[in-house]
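Heads up: numbering here begins at 1 and tracks the sequence.
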Amino acid sequence: MENTKDMESAVGSIRRRISSEPRCEKALYRILKDCIEPISFDDLEQRICLYPEMRVRPQEPSTLVSWLVDVGALEAAEFGGDPAAIALTATEAGRAVCAAHEDSDDVGRLIEEAGPLGRAYRRVLELCRVPRTKKALEEALVAEGLLDTRARQVSCFLDKLEKAGGLVWDGGWTTTQRGFAYLG
């Protein structure tokens with residue numbers, strides 16, 4: 001980037017593009033992270049297909065990659081001297097967006113701002129060390145006195161923890177590496 005203003009503009013464009021696709025947001029951040037080091041498109045496509053959030057494909061892997069290339073988060077280059085092979089690498093702005101996302105503490109902020117409900121968020125993370133269904137989580141929280149379904153549904157906790165990056169659906173609600181950071 002030529003100057004700080006150009007970098008800020010590029011970072012802002014990338015963030016806006018990613019946030020404009022809430023169903024694909026996690027996958028887009030994962031793609032950026034997977035492209036910190038150059039990677040062939042074929043290898044990247046295989047990784048993308050393994051992301052838990054891509055089990056029910058909201059978009060094709062090539063579409064997600066094209067969005068990041070179009071906004072300047074990734075750059076494509078010839079791979080291994082073969083004009084038919086493409087390698088992708090995060091740009092300087094793409095790396096900055098990825099680093100800021102990795103450093104964000106959305107799970108911690110969610111738990112901290114939840115007040116007395118923070119115990120329930122932590123318990124959900126703890127229970128989801130092994131994949132759990134929504135119903136199993138609801139039953140456990142009700143039995144432990146952490147959830148009154150007349151006032152709040154378990155989906156409230158699941159939605160917020162998923163958005164913060166603490167949970168992912170992978171055949172059941174499962175705690176992510178970010179979520180594990182909040183368990184004792």
Side-chain angles (χ1 to χ4, degrees), residues 11-12 14-37 39 44 46-59 61 64 67-68 73 90 93-184:
V11 165
I14 295 166
R15 285 186 174 148
R16 281 189 299 280
R17 182 62 177 119
I18 291 172
S19 67
S20 74
E21 299 293 340
R23 293 182 61 215
C24 303
E25 185 174 356
K26 284 186 180 66
L28 291 167
Y29 279 116
R30 282 182 191 252
I31 293 168
L32 271 180
K33 186 175 181 180
D34 283 341
C35 291
I36 294 299
E37 296 296 322
I39 184 172
L44 179 61
Q46 288 176 8
R47 285 188 190 183
I48 293 168
C49 290
L50 295 175
Y51 297 166
E53 55 273 14
M54 291 296 289
R55 297 252 166 94
V56 178
R57 287 192 186 171
Q59 294 289 337
L64 299 178
W67 291 345
L68 292 172
R95 290 176 204 275
V97 169
C98 183
H101 178 72
E102 289 293 307
D103 290 344
S104 68
D105 187 17
D106 295 340
V107 176
R109 192 170 20 267
L110 174 65
I111 291 171
E112 183 180 306
E113 292 173 359
L117 292 176
R119 284 183 52 226
Y121 283 109
R122 276 193 169 83
R123 185 64 178 137
V124 169
L125 291 172
E126 191 175 293
L127 289 166
C128 291
R129 287 177 187 257
V130 294
R132 306 272 180 172
T133 65
K134 178 179 166 185
K135 183 165 180 55
L137 288 166
E138 180 177 286
E139 289 170 355
L141 293 176
V142 167
E144 295 174 24
L146 294 171
L147 177 66
D148 177 356
T149 56
R150 295 171 299 190
R152 179 173 287 105
Q153 299 297 312
V154 74
S155 58
C156 171
F157 297 103
L158 300 175
D159 292 344
K160 289 181 180 178
L161 282 168
E162 180 184 28
K163 182 152 182 60
L167 286 180
V168 67
W169 178 263
D170 189 8
W173 289 105
T174 307
T175 303
T176 64
Q177 288 303 113
R178 278 191 178 179
F180 277 120
Y182 297 92
L183 300 176

Taking the side chain as every heavy atom from C-beta outward, state whether [X] and [Y] have any atom pair closer than 4.5 Å.
{"X": "K134", "Y": "S155", "answer": "yes"}
{"X": "V154", "Y": "V142", "answer": "no"}
{"X": "P61", "Y": "L44", "answer": "no"}
{"X": "K26", "Y": "E162", "answer": "yes"}
{"X": "Q153", "Y": "L158", "answer": "no"}
{"X": "I39", "Y": "R47", "answer": "yes"}
{"X": "F157", "Y": "L147", "answer": "yes"}
{"X": "E25", "Y": "K163", "answer": "yes"}

Flag, side chain of [X] to backbone of [Y], donor-acceptor distance under 3.5 Å:
{"X": "T175", "Y": "L125", "value": "yes"}
{"X": "T174", "Y": "W169", "value": "no"}
{"X": "R95", "Y": "I36", "value": "yes"}
{"X": "R132", "Y": "L127", "value": "yes"}

Please find the pair of heavy atoms, one from [X] and one from [Y], that lie closest to each other, and give the distance.
{"X": "G94", "Y": "A90", "result": "C-CB, 4.4 Å"}
{"X": "A120", "Y": "L141", "result": "O-CD2, 4.4 Å"}
{"X": "R178", "Y": "G165", "result": "CB-O, 3.5 Å"}
{"X": "A164", "Y": "D106", "result": "O-CB, 3.6 Å"}

Nearest 0.5 Å, please: how far is [atom2] in [Y] from [atom1] in [X]?
{"X": "L68", "Y": "C35", "atom1": "CG", "atom2": "SG", "answer": "8.0 Å"}
{"X": "L183", "Y": "R122", "atom1": "CG", "atom2": "CZ", "answer": "8.5 Å"}
{"X": "W67", "Y": "S20", "atom1": "CH2", "atom2": "OG", "answer": "7.5 Å"}
{"X": "W173", "Y": "L167", "atom1": "CH2", "atom2": "CG", "answer": "6.5 Å"}
{"X": "I14", "Y": "L28", "atom1": "CD1", "atom2": "CG", "answer": "11.0 Å"}
{"X": "C24", "Y": "I18", "atom1": "SG", "atom2": "CD1", "answer": "11.0 Å"}

Between D34 and Y51, do the side chains contain a donor N or O and an acceptor N or O under 3.5 Å apart?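 Yes - a donor-acceptor pair under 3.5 Å links their side chains.
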
Worked verdict on R109 versus E112 for side chain to side chain contact (heavy atoms under 4.5 Å, CB included): CA-CA 5 Å; R109 192 170 20 267; E112 183 180 306; 5.7 Å; no

In plain terms, say whether E21 and R17 are close enough for a salt bridge, that is, a side-chain N and a carboxylate O under 4.0 Å apart. yes

Is K135 salt-bridged to E139, going by a charged N under 4.0 Å from an acidic O? yes

Using the rule given for side chain to side chain contact (heavy atoms under 4.5 Å, CB included), can you reason through T176 versus V107, listing the C-alpha separation, both sets of side-chain angles and the distance that settles it, and then say yes or no? CA-CA 11 Å; T176 64; V107 176; 5.9 Å; no

Any chance you could lay out the side chain to side chain contact (heavy atoms under 4.5 Å, CB included) test for T133 and L137, step after step, and finish with the verdict? CA-CA 6 Å; T133 65; L137 288 166; over 6 Å; no

